[in-house]
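Contents: one structure, followed by commentary.
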Amino acid sequence: MSFVVGVAFSGIFLSLAFALFFMIKRDDKAPRDAKQMAKALTYRIGISVVLFLCVLAAWSLGWIQPTGIRLGS
């Protein structure tokens, strides 16, 4: 499960990096960059929602358990 979460976070950060790249590169004469930036941000939202649903499903199936906050073992 930690591998899946790591891959998902990598995908989220990668899509944010692409969106930043297209935002910096954006030229008013090229609306294509704005569409690519919006597409990258849409992918980020999709990956985040899928990650949330996977964690929720894993918790309901008993694959992961909440541990709470552990202070001073």
State, with a plain yes or no, whether a side-chain heavy atom of Leu41 is found less than 4.5 Å away from one of Phe18. no
Is it the case that one hydrophobic cluster holds both [X] and [Y], taking links as side-chain heavy atoms less than 4.5 Å apart, direct or via other members?
X     : Y     : value
Phe13 : Phe22 : yes
Leu53 : Ile45 : yes
Phe21 : Met23 : yes
Val5  : Phe52 : yes
Met37 : Ile24 : yes

Begin from the C-alpha positions of Ser48 and Ile12 and carry the test side-chain contact (heavy atoms from CB on, under 4.5 Å) through to its verdict. CA-CA 7 Å; Ser48 299; Ile12 290 168; 3.5 Å; yes
For the student: nearest non-hydrogen atoms of Leu51 and Ala8, plus distance: CD1-CB, 3.8 Å
Drop me the distance from Cys54's SG to Trp59's CH2, to the nearest 0.5 angstrom. 15.5 Å
